[in-house]
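Read the numbers this way: they start at 1 and go in the same order the structure lists the ligands and their atoms. Here the structure is a predicted model, which is why all the values come from computation and not from measurement.
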Amino acid sequence: MSDTVTMDQIVSLCKRRGFVFQSSEIYGGQAGAWDYGPNGIELKNRIAQFWWKEMTQLHDNIVGLDAAILMHPRVWEASGHVENFTDPLVDCKKCKTRFRADQIPEENLKTKTCPECGGELTDVRKFNLMFKTNIGPVEDGSGLIYLRPETAQGIYVNFKNVLQSNRMKLPFGIAQIGKAFRNEIVTKNFIFRSCEFEQMEMQFFVKPGTDEEWFEYWREQRWNYYKKMGIRMDKLRWHRHGPEELAFYAKDAYDIEYEFPMGFKELEGVHNRTNYDLTRHQQFSGKDLQYIDQDNGNERYLPWVIETSAGLTRELLMVLCDAYEEQKVADKGNEDDYRTVLHFNPIFAPVTVAVLPLMKKDGLAELAQDIRSELKEDFVTDYDQSGAIGRRYRRQDEIGTPYCVTIDYQSKEDHTVTLRDRDSMEQIRVPRDKLSLAIREKMKSYKRV
Ligand code: GAP
């Protein structure tokens with residue numbers, strides 16, 4: 001058994017089993033962009049649904065939003081992105097490689113030498129990460145518009161709309177899942193850092209002075225979220241932003257980091273953003289964004305914001321890395337001794353139940369199809385009748401299917417089937433009419449071994 005996984009193993013599995021493909025692959029690929037295949041989109045949707053339920057359904061005071069990607073350009077002036085959303089950049093004059101100045105050894109910066117080829121580096125310059133495009137028919141710059149680099153601003157500009165339309169009272173939150181775009185200079189490590197990605201953000205508006213207690217509350221909530229997902233908690237840690245890292249407007253900030261194959265890296269941020277965002281949007285829009293506190297003599301103030309900001313596509317990578325295992329399961333001296341298995345929590349698995357007739361003939365395939373139709377109502381199912389049964393189990397293990405139902409000759413006689421558990425590979429016989437219930441119970445009591 002191997003506990004460590006390499007990014008190459010993940011990339012290879014993702015392509016082989018339809019989780020993630022390179023964007024525009026037949027044209028040589030588009031850097032910084034990825035396509036989610038049949039299994040990838042199922043996995044991504046399940047993570048998004050889990051987050052959404054956790055943040056909205058399980059919190060009485062959080063509502064959802066789906067703001068447009070294209071926003072008024074003044075939004076990004078108010079937010080500070082036009083001025084400050086930059087990376088320091090250097091180019092090699094010889095090999096033309098572009099680097100983030102803060103990610104190459106200090107010595108190379110000092111001596112202006114390329115870490116790849118030893119060529120001369122340019123001076124450091126600021127590079128804005130926002131993608132610019134043009135809206136409307138004229139391309140004279142008057143239709144300048146940005147692709148949003150974060151979903152958070154869509155929440156701030158709708159603060160008053162949500163407050164009034166849903167008669168919200170502080171403290172309350174607005175949650176949103178959506179695409180964000182950043183012209184990242186370095187996009188290595190697969191989908192970890194891409195130019196087009198998805199975020200799951202929640203902005204929690206609180207009364208000034210109560211921010212510290214809500215900040216701690218949200219740190220605890222977000223930590224417990226990963227526990228509930230079933231992630232190996234020894235792979236997670238907190239990283240507090242030091243003075244040089246902390247955004248100038250933030251009072252405090254922590255990242256939750258996961259130990260990816262390339263080391264501990266940021267997964268999500270929990271930020272105390274003060275009242276910076278609403279103050280700026282009030283200034284730039286000229287609209288009064290204050291909250292009127294009817295429970296406190298109609299006191300008016302701008303709420304403070306505690307933000308939880310996670311990457312959906314980055315969480316998907318974490319779930320894959322966390323679940324991946326190459327396991328020795330036999331000792332016959334051939335390739336069948338090993339299996340690749342994704343130990344997904346069943347609630348995230350792209351397929352929950354695979355239905356496999358032992359043989360195609362003798363009515364087993366028809367019976368299996370019939371059983372699949374029954375299971376379809378309750379679970380995402382797959383059906384596979386081709387190849388040796390052992391190979392079919394391996395294929396399901398590789399995409400993390402937690403349960404396989406096998407229909408054999410005995411099934412025809414006594415209306416029972418076998419139910420195979422992905423992790424233990426144990427099989428039990430279950431009456432057909434108790435199958436749904438048995439799967440449901442297994443899902444409920446699932447624990448990663
Ligand atoms: N509103 C705050 C904000 O956007 P951030 O730390 O820049 O904060 C939040 O981004 C999360 O979004 C990160 O923790 C990460 O999970 C995800 N993220 C950011 N840039 C990304 C990229 N280029 N590719 C994939 N995910 C990214």
ask   = Any cation-pi pair here, Arg219 with Tyr254, using under 6.0 Å and within 45°?
value = yes

key: Distance-only N or O hit between ligand 1 and Glu201, under 3.5 Å   = yes

note = Here the atoms of ligand 1 under 4.0 Å from any heavy atom belonging to Ala152 are 1 (N)

inquiry  = Need the ligand 1 atom indices (1-based, order shown) with element for anything under 4.0 Å from a heavy-atom of Glu307.
reply    = 1 (N), 2 (C)

query = With a 6.0 Å cut-off on ring centres, are Phe50 and Tyr225 close enough?
reply = yes

query = If hydrogens are left out, which of Lys265, Arg314, Met318 has an atom nearest to atom 15 (C) of ligand 1, that is, the closest non-hydrogen atom?
reply = Arg314

request  = Please say whether Thr313 places an N or O atom under 3.5 Å from an N or O atom belonging to ligand 1.
outcome  = no

query = Can you tell me the protein heavy atom closest to atom 10 (O) of ligand 1 and the distance?
reply = Gln199 NE2, 3.4 Å

ask   = When Phe205 is tested against each of Phe159, Trp304, Tyr301 for ring pair (Phe, Tyr, Trp, His ring centres under 6.0 Å), which residue passes?
value = Phe159

remark   = Ranked by distance from atom 18 (N) of ligand 1, the top protein heavy atom is Phe197 CE1, 3.5 Å

message = Below a 4.0 angstrom heavy-atom separation, can you tell me which part of Asp255, side chain or backbone, both or neither, approaches ligand 1?
response = neither

remark   = Judged by heavy atoms only, the candidate from Glu315, Arg182, Met200 nearest atom 19 (C) of ligand 1 is Arg182

task = Name the option, out of Ser79, Gly269, Ser194, Ala253, that contains the heavy atom nearest to atom 24 (N) of ligand 1.
result = Ser194

query = Do we get Arg148 above Phe181's six-membered ring, with its NZ or CZ under 6.0 Å from the centre and within 45° of the axis?
reply = no

key: Side chains of Ile104 and Leu109 in contact at under 4.5 Å (non-hydrogen atoms)   = yes

inquiry  = What I want to know is whether Leu267 and ligand 1 share at least one N or O pair that is separated by under 3.5 angstrom.
reply    = yes

remark   = Shortest non-hydrogen pair, Cys114 vs Cys95, comes out as SG-SG, 3.8 Å

message = Give me the nearest non-hydrogen protein atom to atom 8 (O) of ligand 1 as residue plus atom name, then the distance to 0.1 Å.
response = Ser309 OG, 3.7 Å

ask   = So is Gly311 polar-close to ligand 1, meaning N/O to N/O under 3.5 Å?
value = yes

ask   = Do Trp34 and Phe21 have ring centroids that are under 6.0 Å from one another?
value = no

ask   = Can a cation-pi geometry be assigned to Lys265 and Phe260, taking NZ or CZ under 6.0 Å from the six-membered ring centre and within 45° of the ring axis?
value = no

note = Atoms of ligand 1 under 4.0 Å from any heavy atom of Glu150, numbered from 1 in the order shown, are 1 (N), 2 (C), 3 (C), 4 (O)

request  = Could you tell me the residue and atom name of the protein heavy atom closest to atom 25 (C) of ligand 1, and the distance to it rounded to 0.1 Å?
outcome  = Phe192 O, 3.2 Å

task = Examine Arg182 relative to Phe131 and say whether NZ or CZ is less than 6.0 Å from the centre of the six-membered ring and inside a 45° cone about the ring axis.
result = no

message = Nearest 0.5 angstrom please: Met233 CE to Lys227 NZ, how far?
response = 5.5 Å

request  = Could you check atom 14 (O) of ligand 1 against the protein and tell me its nearest heavy-atom contact, residue, atom and distance included?
outcome  = Glu266 OE2, 2.6 Å

